[in-house]
A.B. asks: 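My questions all concern the structure below.
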2 protein chains.
Amino acid sequence: MTSTLEHHHPATRLRTVLESAAADDGTLPPLDQELVRAMALPEDLPETLGIAEVADLTGITAHTLRYYERIGLVVVARDAAGRRAYDRAALGRIMFVTWLRLSGMPIASVTRYVELAQAGTHTADERLALLLEHRAAVVSHLRDLQTALAVVDYKITTYGGTCGS
Amino acid sequence: MTSTLEHHHPATRLRTVLESAAADDGTLPPLDQELVRAMALPEDLPETLGIAEVADLTGITAHTLRYYERIGLVVVARDAAGRRAYDRAALGRIMFVTWLRLSGMPIASVTRYVELAQAGTHTADERLALLLEHRAAVVSHLRDLQTALAVVDYKITTYGGTCGS
DNA sequence: CTAGGACTTCGAGTGCACTCGAAGCCAGTC
DNA sequence: GACTGGCTTCGAGTGCACTCGAAGTCCTAG
């Protein structure tokens, strides 16, 4: 369970997973639903993973993974010795949760989503509503970031000008 | 100095300013540098503004505006009675700072930028470097957000499917 | 049999960015 | 000339999301 990879930001790490999943045909295609399905999990994983391996794979520290579990954000099985054993499904859940976090969903909302998912299929409507709401927030944030980028670019291109702020 | 506008998120408010600046020809064009120049300040402002008006214009609360000044993030003049009097330049600085904050620049970096700007024109190189670095961070964040959006969209479109997480 | 290292829990600490409340000043109104 | 509302400062409090350390357990290698 020794960690062999250097540390990276979660998004970088998850994107690495994505790219290794997409590298079969040597291309780095634009993101679409097929790619997302492909990126979900690499195929050559052992049955279960230790916390350090999940940390490497996701870019989330082991400390944070334990924290996430503590607050009910993910559920993880244990091996005979009481250590966390992440199977394929658990890893998938963690990656999804990580994307939700990266997209700015507050932990409270992720927790709510996870609780709904655990409650059974009859909560699908509510979960969907949660995701749609979040989607709108992400789109809005994306718009703001693009505007901010334009403002920063304007400032950059006018350097050497008379602008004093 | 009474506040007449309802409260909004800073990005919403600043975008309102942008749109009112762009409304001259009735269009809502894609953001570009000309637009950004135009959005900087509406033309029909009084000489100076009170803190409540700036709060309305930017979506930043008066409390936060004072906080920003306290930590050296902006500099603001006072009127005879000791009240903050924001002139055109101060308002422009605050709007720029707000865009920096909205694009995720930490307060410490904004403060550094502001200090450099106050130090004089000989710091232009360093300021430019700061902005370029930040620009890269924004672009990276934008990419991550787009990926996350794709993941969320995948989840949304597969609702009703077999996916249990 | 012992040492090392990765794991465990629990609780407390950190960093960032606000956010608020209290107490007081000051301009205009009835 | 008291009242009201908006401003002022200062310091303390809040919320979020980690982040860390201590003390102990368990497997593996030498």
Side-chain angles (χ1 to χ4, degrees), chain A residues 1-5 7 9-11 46 48-86 90 94 97-114 137, chain B residues 1-5 7 9-11 46 48-86 90 94 97-114 137:
Chain A
M1 298 209 181
T2 306
S3 167
T4 55
L5 292 75
H7 182 261
H9 187 74
T48 64
L49 299 168
I51 195 168
E53 287 155 323
V54 175
D56 275 344
L57 223 53
T58 60
I60 309 280
T61 69
H63 268 307
T64 302
L65 285 171
R66 289 190 204 102
Y67 164 71
Y68 279 179
E69 188 179 349
R70 216 160 53 205
I71 63 174
L73 211 151
V74 287
V75 180
V76 182
R78 302 304 158 107
D79 67 9
R83 268 169 284 146
R84 286 168 181 81
Y86 296 82
I94 285 176
V97 162
T98 303
W99 279 117
L100 289 182
R101 291 289 305 115
L102 284 172
S103 61
M105 183 183 277
I107 281 190
S109 302
V110 181
T111 305
R112 170 117 187 88
Y113 179 85
V114 169
Chain B
M1 300 211 181
T2 307
S3 167
T4 55
L5 291 77
H7 181 260
H9 187 73
T48 65
L49 300 167
I51 195 169
E53 287 154 323
V54 175
D56 276 344
L57 223 52
T58 60
I60 309 280
T61 68
H63 268 306
T64 301
L65 284 171
R66 290 192 204 99
Y67 164 71
Y68 279 178
E69 188 180 348
R70 216 160 49 202
I71 63 175
L73 211 150
V74 287
V75 180
V76 182
R78 304 304 157 106
D79 67 9
R83 270 168 283 147
R84 286 168 182 81
Y86 296 82
I94 286 176
V97 163
T98 302
W99 279 117
L100 289 183
R101 292 288 306 117
L102 284 173
S103 60
M105 184 183 278
I107 281 190
S109 302
V110 180
T111 306
R112 170 115 186 89
Y113 179 86
V114 169

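Below, chain A is the first sequence line, B the second, and so on; all start at residue 1.
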A.B. asks: Can you name the residues that form a side chain to side chain donor-acceptor pair (under 3.5 Å) with A:Thr48, not counting sequence neighbours?
C.D. replies: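 Counting only residues at least two positions away or on another chain, A:Thr48 forms no side chain to side chain donor-acceptor pair (under 3.5 Å).
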A.B. asks: Under the rule for side chain to side chain contact (heavy atoms under 4.5 Å, CB included), what residues qualify as partners of A:Ala81, not counting sequence neighbours?
C.D. replies: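 So A:Ala81 forms a side chain to side chain contact (heavy atoms under 4.5 Å, CB included) with A:Asp79, A:Arg83.
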A.B. asks: According to the salt bridge (Lys or Arg N to Asp or Glu O under 4.0 Å) rule, which pairs have a member within residues 59-68 of chain A, sequence neighbours left out?
C.D. replies: none
A.B. asks: If you look only at pairs with a residue in residues 101-113 of chain A, which of them pass as a salt bridge (Lys or Arg N to Asp or Glu O under 4.0 Å), with sequence neighbours excluded?
C.D. replies: A:Arg112-A:Glu126
A.B. asks: Tell me every residue that passes side chain to side chain contact (heavy atoms under 4.5 Å, CB included) with A:Val114, counting only those two or more places apart in sequence or in another chain.
C.D. replies: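 Testing A:Val114 for side chain to side chain contact (heavy atoms under 4.5 Å, CB included), a comparison that skips the adjacent residues, returns A:Val97, A:Val110, A:Gln118.
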A.B. asks: Using a cut-off of strictly less than 4.0 Å between a heavy atom of the residue and any atom of DNA chain D, enumerate the qualifying residues of residues 100-107 of chain A by number.
C.D. replies: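 Correct list: A:Arg101, A:Pro106, A:Ile107.
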A.B. asks: Quick check on C:dT9: is either OP1 or OP2 less than 4.0 Å from any side-chain nitrogen or oxygen of A:Arg84?
C.D. replies: yes
A.B. asks: Output one letter per nucleotide in nucleotides 21-30 of chain D: B when a protein non-hydrogen atom lies under 4.0 Å from the base, S when only the sugar-phosphate is that close, - when neither is.
C.D. replies: B----SS---
A.B. asks: Holding to side chain to side chain donor-acceptor pair (under 3.5 Å), I want the full list of residues that pass it with B:Thr64, two or more places apart in sequence or in another chain.
C.D. replies: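 Scan of B:Thr64 (side chain to side chain donor-acceptor pair (under 3.5 Å), adjacent residues dropped) gives B:Thr61.
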A.B. asks: Not counting sequence neighbours, which residues clear side chain to side chain contact (heavy atoms under 4.5 Å, CB included) with B:Thr111? List them please.
C.D. replies: B:Leu73, B:Ile107, B:Glu115
A.B. asks: Look up atom OH in B:Tyr86 and atom CZ in B:Arg78, then write down how far apart they are to the nearest 0.5 Å.
C.D. replies: 7.5 Å
A.B. asks: Could you tell me which residues satisfy side chain to side chain contact (heavy atoms under 4.5 Å, CB included) with B:Arg70, sequence neighbours excluded, listed by chain and number?
C.D. replies: B:Tyr67
A.B. asks: First locate atom OG1 of A:Thr58, then atom CG of A:Leu65, and finally report the distance between them rounded to the nearest 0.5 Å.
C.D. replies: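 If we round to the nearest 0.5 Å, A:Thr58:OG1 and A:Leu65:CG are 5.0 Å apart.
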A.B. asks: Measure from CG on A:Leu49 to P on C:dA6 and round the result to the nearest Å.
C.D. replies: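 After rounding, the reported distance stands at 17 Å.
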A.B. asks: Near DNA chain C, which residues from residues 65-77 of chain B have a heavy atom under 4.0 Å away?
C.D. replies: B:Tyr67, B:Tyr68, B:Arg70
